[in-house]
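Note sheet for the following structure.
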Amino acid sequence: MTKFSDLKLSPKVLKAIDEAGYETPTPIQAGAIPPALEGRDVLGIAQTGTGKTASFTLPMITALARGRARARMPRSLVLCPTRELAAQVAENFDAYAKNVKLTKALLIGGVSFKEQDALIDRGVDVLIATPGRLLDHFERGKLLLTGVQIMVVDEADRMLDMGFIPDIERIFGLTPFTRQTLFFSATMAPEIERITNTFLSNPERIEVARQATTSETITQELCMFKASRRDRASSEKRKLLRALIEREGEACSNAIIFCNRKTDVDIAAKSLKKYGYNAEPIHGDLEQSKRMQVLQGFRDGTIRFLCASDVAARGLDIPNVSHVFNYDVPGHAEDYVHRIGRTGRAGRDGKAIMICEPRDEKNLDAVERLIEKEIPRVDNPIQKEERKSRSRKNTEDVKADTPKQETKRSDGSKKPEAAPKSTNRRDDQRDERRNERSSGGRSRGGSNRRDNNRTVGMGDHLPDFIAKSFDERRQG
Ligand code: AMP
């Protein structure tokens, strides 16, 4: 088996690795470090969690230990798709270069240009940046990329998803033709293949097993969910999330809750908070300082639930996550593997619970095809409970056999729900109305077929034939 000491890394880097507690290189490290140290281009097909960050930072630190940076001309450049990833790469540099004198700057949105300019002006060995921010600095004439000897593109497939490929091509064009390129992507989409063919020169290609399989240490569950009414879908789904969390009890020490949409990330976090859960959102629209603060809070345990979008959470290295909740089935099947891979790390046990609505079933098929197994279904704890209470209520209704008061409401207001009202339900309804307003969405009467007691605009009079036709529809 390859040892770190076989890899020709500098003694100071080896010391830092030892201090980090790493014993043996991971496959991507064993494969990428030797050619990178020889100055060759590397194409690493690997994802987060494989140790790929060290596979480019360690040889870079070794190579950059010789020589000095000139003002405004960084000697190396690492491009990352998100601010968090860039910050994480910067942390890795700090850890592995602690015995070496290297200067670095982090160019990400949300941090003042002034501070970043000052660092670049002094000259940096390593510049870690998101593409947009890097180009902003370049266009302001504060940065020259002609001194870049090593360029890293990290998480290229995510760059593609985020529409950064034109920026990446432009940045490649601004760096010297003689640079060394270390290029990493979890998958090789045709567009990524094209970029590597254009900008990499005879790269050493290292592919570590694609993570189509999920770790054996993760227990997976799937909870099917169908809203009782379309206009209640969101609030009922949030209620289901709470019930699923509660069902886990203390075993759920912390969790990442993934949503497909940024708005849902915010709403889920807000709703959890309202119900007394210690939850915070993380997504691309939050200020950088807030994102860092939330991440740190989640890492050190002061925040228990992190509601996240795929982009924000991609590549985040957060050890000890007991649970992952998939609030939606992800649109890309591979994201399911990424998402649930946040738990059950390093041989620990983890649990991943996903909610699936009827509209998600196509995505679910794709996930199950990818992981080549069926995710065990579990009962929906709420719908089970509601079925019981509905059947109880039906029995009572039959006994009473009298028309309901609510049918005569003339003000067009919502009919009170059948189940006993609670503050929480009212809160959720309010939430729901707010959501509808903010999304401009409205539920159409047609979706409320079962809600045959609600009469809007009929005044106090309900003609017999209308009640009859509704009844028939219900039976049908
Ligand atoms: P990455 O894929 O770069 O996000 O790394 C995932 C995690 O693996 C990080 O927490 C690293 O600190 C850790 N790691 C990287 N290389 C090694 C190694 N050789 N042995 C043990 N852990 C490692």
Side-chain angles (χ1 to χ4, degrees), residues 1-14 16-18 20-66 75-81 85-86 88-93 95-97 100 102 104 125-128 148-159 168 172 175 178-189 192-193 195-211 314-315 317 338 341:
M1 194 191 284
T2 316
K3 295 198 288 290
F4 275 114
S5 53
D6 300 332
L7 295 180
K8 301 204 176 112
L9 290 161
S10 77
K12 287 180 179 170
V13 170
L14 287 175
I17 294 170
D18 193 43
Y22 303 165
E23 285 167 6
T24 44
T26 63
I28 187 77
Q29 291 162 0
I33 293 173
L37 283 173
E38 284 167 21
R40 290 192 51 198
D41 283 0
V42 169
L43 171 56
I45 305 164
Q47 12 191 289
T48 290
T50 55
K52 72 173 165 54
T53 317
S55 79
F56 62 82
T57 44
L58 300 178
M60 280 175 82
I61 297 165
T62 301
L64 294 169
R66 298 177 295 271
R75 297 166 67 207
S76 67
L77 174 63
V78 182
L79 292 174
C80 302
L85 269 173
Q88 205 165 280
V89 169
E91 273 174 29
N92 273 256
F93 266 103
Y96 305 139
V100 184
L102 280 186
K104 70 159 202 325
D125 297 301
V126 184
L127 183 60
I128 304 158
V148 170
Q149 298 156 23
I150 308 173
M151 172 161 158
V152 177
V153 179
D154 195 15
E155 306 251 351
D157 51 341
R158 187 52 48 154
M159 302 261 200
I168 299 291
F172 264 123
T175 59
T178 51
R179 61 159 202 272
Q180 177 185 12
T181 309
L182 311 176
F183 191 101
F184 293 84
S185 185
T187 55
M188 287 301 285
I192 303 282
E193 192 90 49
I195 299 282
T196 57
N197 290 340
T198 314
F199 296 104
L200 271 64
S201 157
N202 185 27
E204 176 79 18
R205 185 181 168 118
I206 301 115
E207 184 159 2
V208 301
R210 194 165 144 257
Q211 220 181 323
R314 174 83 175 211
D317 181 36
H338 289 302

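Just so it is clear, the values below take in all heavy atoms, side chains as well, and ignore hydrogens, waters and symmetry mates.
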Test side chain to side chain contact (heavy atoms under 4.5 Å, CB included) applied to M60 and Q180, step by step: CA-CA 10 Å; M60 280 175 82; Q180 177 185 12; over 6 Å; no

Can you check whether D157's main-chain N or O pairs, donor with acceptor, with S185's side chain at less than 3.5 Å? yes

Should the ring pair F184 and F56 be called parallel, tilted or perpendicular, given that the plane angle runs from 0 to 90° and is split at 30 and 60? tilted

Is any side-chain heavy atom of [Y] closer than 4.5 Å to one of [X]?
| X | Y | answer |
| --- | --- | --- |
| V42 | L182 | yes |
| I33 | P25 | no |
| F172 | I195 | yes |
| F199 | T181 | no |
| L102 | I61 | yes |
| V208 | K52 | no |

Which value, rounded to the nearest 0.5 Å, describes the distance between [X] atom [atom1] and [Y] atom [atom2]?
| X | Y | atom1 | atom2 | answer |
| --- | --- | --- | --- | --- |
| M151 | L200 | CE | CG | 9.5 Å |
| L79 | T175 | CG | OG1 | 9.0 Å |
| T62 | K12 | OG1 | NZ | 11.5 Å |
| L43 | I206 | CG | CD1 | 7.5 Å |

Please name all residues satisfying side-chain contact (heavy atoms from CB on, under 4.5 Å) with [X], sequence neighbours left out, ordered by chain then number.
| X | answer |
| --- | --- |
| D6 | T2, K3 |
| A63 | I150 |
| I17 | F4, L9, V13, L14, Y22, L58 |
| E91 | R299 |

The criterion is salt bridge (charged side-chain N to carboxylate O under 4.0 Å, His left out); which residues satisfy it with R75, sequence neighbours excluded? D125

Which atoms form the tightest heavy-atom contact between [X] and [Y], and what is the distance?
| X | Y | value |
| --- | --- | --- |
| M159 | P81 | CE-N, 3.7 Å |
| K104 | I128 | CD-CD1, 4.1 Å |
| G44 | I28 | CA-CD1, 4.1 Å |
| V89 | C80 | CG2-SG, 3.8 Å |
| A54 | Q29 | CB-NE2, 3.3 Å |

Of all pairs that satisfy salt bridge (charged side-chain N to carboxylate O under 4.0 Å, His left out), the ones with a partner from residues 25-46, not counting sequence neighbours: R40-E204

Evaluate the criterion side chain to side chain contact (heavy atoms under 4.5 Å, CB included) for residue pair R179 and L77; output intermediate values, then yes/no. CA-CA 10 Å; R179 61 159 202 272; L77 174 63; over 6 Å; no

Under the criterion side chain to side chain contact (heavy atoms under 4.5 Å, CB included), I'd like the reasoning laid out for M188 against T196: C-alpha separation, chi angles, the key distance, then a yes or no. CA-CA 10 Å; M188 287 301 285; T196 57; 3.9 Å; yes

